[in-house]
Protein chains: 2
Amino acid sequence: MPLTRRSMGLTTGSSATPGARARALSEAPAVEGREIPPATIARLPIYHRVLGTMDAQGVHTVCSDDLARACGVSAAMLRKDLSYLGSYGTRGVGYHVASLAFHISRELGTSVPYGVVLVGFGNLGRALASYRAFALRGFTLVGIFDSDPRTVGEPVLIGDEPLRVLPVDHLGEVVQFTGARIGVIATPADAAQAVCDTLVAAGIRSILNFAPAVLAVAADVELRKVDLAVELQILAFHEQRRVEEATHLVAHARPGMQVVHA
Amino acid sequence: MPLTRRSMGLTTGSSATPGARARALSEAPAVEGREIPPATIARLPIYHRVLGTMDAQGVHTVCSDDLARACGVSAAMLRKDLSYLGSYGTRGVGYHVASLAFHISRELGTSVPYGVVLVGFGNLGRALASYRAFALRGFTLVGIFDSDPRTVGEPVLIGDEPLRVLPVDHLGEVVQFTGARIGVIATPADAAQAVCDTLVAAGIRSILNFAPAVLAVAADVELRKVDLAVELQILAFHEQRRVEEATHLVAHARPGMQVVHA
DNA sequence: TAGATTGTTAATCGATTAACAATC
DNA sequence: TAGATTGTTAATCGATTAACAATC
């Protein structure tokens with residue numbers, strides 16, 4: 001078994017009681033009654049990262065205008081987003097970088113480490129496993145799975161933790177043992193739905209899917225997807241529009257005619 | 001030079017004249033005056049992929065209900081999305097799978113192959129380079145760049161095309177020579193902005209960024225981003241909410257009290 | 001013709017922007 | 001106090017859903 005003391009420390013159940021962990025978390029949270037909109041939640045990690053960079057550069061205070069610019073959003077949107085968390089700014093002054101970063105981190109749940117299981121250890125899976133931002137943001141890879149017998153058993157060093165690729169049928173066991181909360185699917189498309197079902201059966205409710213497949217899950221499962229081919233195709237659409245625009249200019253413009261870009 | 005006859009075939013400028021290529025494309029397009037909303041464009045690649053799978057399975061006709069289910073969207077949304085492309089369905093019958101796939105592909109610009117340059121050949125860059133869905137969707141990797149002298153010069157087999165990792169300062173040259181239209185950034189965060197600027201200076205207007213950094217670009221550059229850490233943090237937020245909900249139930253529920261989930 | 005299903009319109013919902021009163 | 005900047009409200013914009021007339 002490649003499970004280690006550290007990965008076991010992520011357990012949510014046995015050693016730290018659920019009650020104790022829950023109490024520690026509940027001291028935190030946000031403004032009563034205000035549900036944070038999904039669009040805001042998706043931007044909080046960006047704000048957090050940029051604040052972290054500023055903090056590292058010794059910046060102590062930042063106004064919404066400057067922070068918004070650094071995050072690539074409008075100042076109005078930034079302030080509205082932050083207002084869902086509470087009133088952490090000072091009128092006439094701005095936001096305290098370090099403390100705002102802390103409040104966002106707490107809201108995101110990133111202040112508590114989460115265990116991640118990765119299914120699929122091909123090219124993409126290997127890249128993800130060695131991805132630094134993972135561990136930096138409070139995520140720990142506690143299990144790696146693959147169905148290929150040639151890959152199973154392979155030793156993998158995650159930080160200073162030695163893991164070993166396991167067959168997928170050990171997934172439930174490892175999730176229970178480590179208390180992992182997040183599953184990452186990096187298998188080929190045709191295996192993805194079965195893997196997804198296995199993750200859900202193992203108790204995982206938060207899944208990140210890299211396989212180019214539409215997955216069906218129950219409503220209580222949070223499924224996010226990253227689809228490289230889709231992103232490229234969206235870019236291709238815009239490239240084509242560029243060509244079309246150029247065409248229309250050429251087609252409609254007679255010699256000597258002034259061409260004005262719309 | 002690792003440039004090949006095939007990669008040169010992607011040229012938009014010299015051999016095929018811009019006019020000829022533009023005319024071929026302009027025979028296509030959609031409903032006059034109707035701009036396709038971004039949300040729709042982002043879904044078209046999914047529809048296209050699912051239709052491709054159905055076609056391969058010998059399905060000839062599909063109604064919006066079934067196609068929507070397979071794509072994980074509502075039937076109303078699917079029909080509205082498709083209506084931006086034109087009227088390709090038949091009332092009382094449904095859509096012809098193969099021809100709908102063709103119309104979507106044409107709209108997306110996927111029917112024409114696009115050259116892609118990849119900057120950053122670390123773990124993620126390598127995974128992307130060997131990613132099959134790339135080539136399958138009409139994208140061809142025509143240049144790979146890295147700043148690490150130990151990586152530069154390394155031979156890479158893309159399909160049956162032998163490429164070689166080049167230093168970043170060859171980028172402009174290769175983009176011009178191959179007619180590449182899309183740039184992919186897979187460098188560390190601190191190098192990303194400089195690489196992005198280099199791509200834009202080389203004439204690239206469609207960029208996919210995997211580096212965990214906010215990039216600034218001119219308004220005419222289409223910049224999309226894929227941020228793995230952000231995705232995980234969004235999942236972590238939902239995990240935390242689960243714990244909080246459980247806490248409130250425990251905190252507010254007295255022994256023997258019925259607990260009803262909201 | 002009768003049943004099925006599209007394409008479109010109108011209603012709803014959510015996200016973004018603009019503007020400014022509150023307040024440091 | 002005067003200037004700066006937040007937090008919030010109202011206006012706008014865009015996306016989704018529901019419903020149904022058109023029509024195969």
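Each chain gets a letter, A, B and so on, in the order its sequence line appears, and its residues count up from 1. Just so you know, these numbers use all the heavy atoms, side chains as well, and skip hydrogens, waters and symmetry mates. Not measured: the values here are computed from a predicted model.
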Check your understanding: Taking only N and O in the side chain of B:Tyr95, is any of them less than 4.0 Å away from OP1 or OP2 of C:dG7?
Key -> yes

Among the nucleotides C:dT17, D:dT17, C:dA15, whichever has the atom closest to the side chain of A:Pro38 is C:dA15

side-chain contact (heavy atoms from CB on, under 4.5 Å) filter on B:Val217, not counting sequence neighbours, yields B:Cys196, B:Val221, B:Leu223

Between CG of A:Leu100 and C1' of D:dT5 the distance, given in whole Å, is 15 Å

In whole angstroms, the gap separating C1' of D:dT5 from CG of A:Leu82 amounts to 13 Å

Stems field, DNA chain C, Watson-Crick or wobble, 3.5 Å, at least 3 pairs, by first number, holds C:3-24 with D:3-24

With sequence neighbours left out, the residues meeting side-chain contact (heavy atoms from CB on, under 4.5 Å) with B:Val214 are A:Ile46, A:Val50

Those residues at least two apart in sequence (or on a different chain) that pass side-chain hydrogen bond (donor to acceptor under 3.5 Å, both in side chains) with B:Thr40 are B:Asp81

Residues at least two apart in sequence or cross-chain that pass salt bridge (charged side-chain N to carboxylate O under 4.0 Å, His left out) with A:Arg91, listed by chain then number, are none

Rounded to whole Å, OH of A:Tyr88 lies from C1' of D:dT5 at a distance of 19 Å

Those residues at least two apart in sequence (or on a different chain) that pass side-chain hydrogen bond (donor to acceptor under 3.5 Å, both in side chains) with B:Thr187 are none

Sorted by number, residues from residues 51-65 of chain A placing a heavy atom under 4.0 Å from DNA chain D are A:Cys63, A:Ser64

For B:His103, the ring-ring contact (aromatic ring centres under 6.0 Å, His included) test, sequence neighbours excluded, returns B:Tyr88

Rounded to whole Å, CE of A:Met77 lies from P of D:dT6 at a distance of 16 Å

Rounded to whole Å, CG of B:Asp81 lies from P of D:dG14 at a distance of 16 Å

By nearest-nucleotide position on DNA chain C, the 5'-leaning member of B:Gly89 and A:Pro37 is B:Gly89

Each nucleotide of nucleotides 18-24 of chain C classed B (base within 4.0 Å of a protein heavy atom), S (only sugar-phosphate) or -, in 5' to 3' order, makes BBBBBBB

Residues passing the salt bridge (charged side-chain N to carboxylate O under 4.0 Å, His left out) test with B:Glu231, sequence neighbours excluded, are A:Arg224

Residues passing the salt bridge (charged side-chain N to carboxylate O under 4.0 Å, His left out) test with A:Arg205, sequence neighbours excluded, are A:Asp220

Taken to the nearest whole Å, CZ/B:Arg69 to C1'/C:dT5 is 14 Å

| said: Could you check whether B:Glu107 pairs with A:Arg241 (Lys NZ or Arg NE/NH1/NH2 to Asp/Glu carboxylate O, under 4.0 Å)? | reply: no

Atom CG of B:Leu78 and atom P of D:dT17 are separated, to the nearest Å, by 12 Å

In short, B:Val230 meets A:Ala42 closest at the heavy-atom pair CG1-O, 3.9 Å

note: B:Asp66, atom CG; C:dA4, atom P; distance rounded to Å ~ 14 Å

Give every donor-acceptor pair under 3.5 Å between a side-chain atom in residues 53-67 of chain A and any protein atom, sequence neighbours left out.
| unit_1 | atom_1 | unit_2 | atom_2 | d |
| --- | --- | --- | --- | --- |
| A:Thr53 | OG1 | A:Arg49 | O | 3.1 |
| A:Ser64 | OG | A:Arg79 | NH1 | 3.0 |
| A:Asp66 | OD1 | A:Arg69 | NH1 | 3.4 |

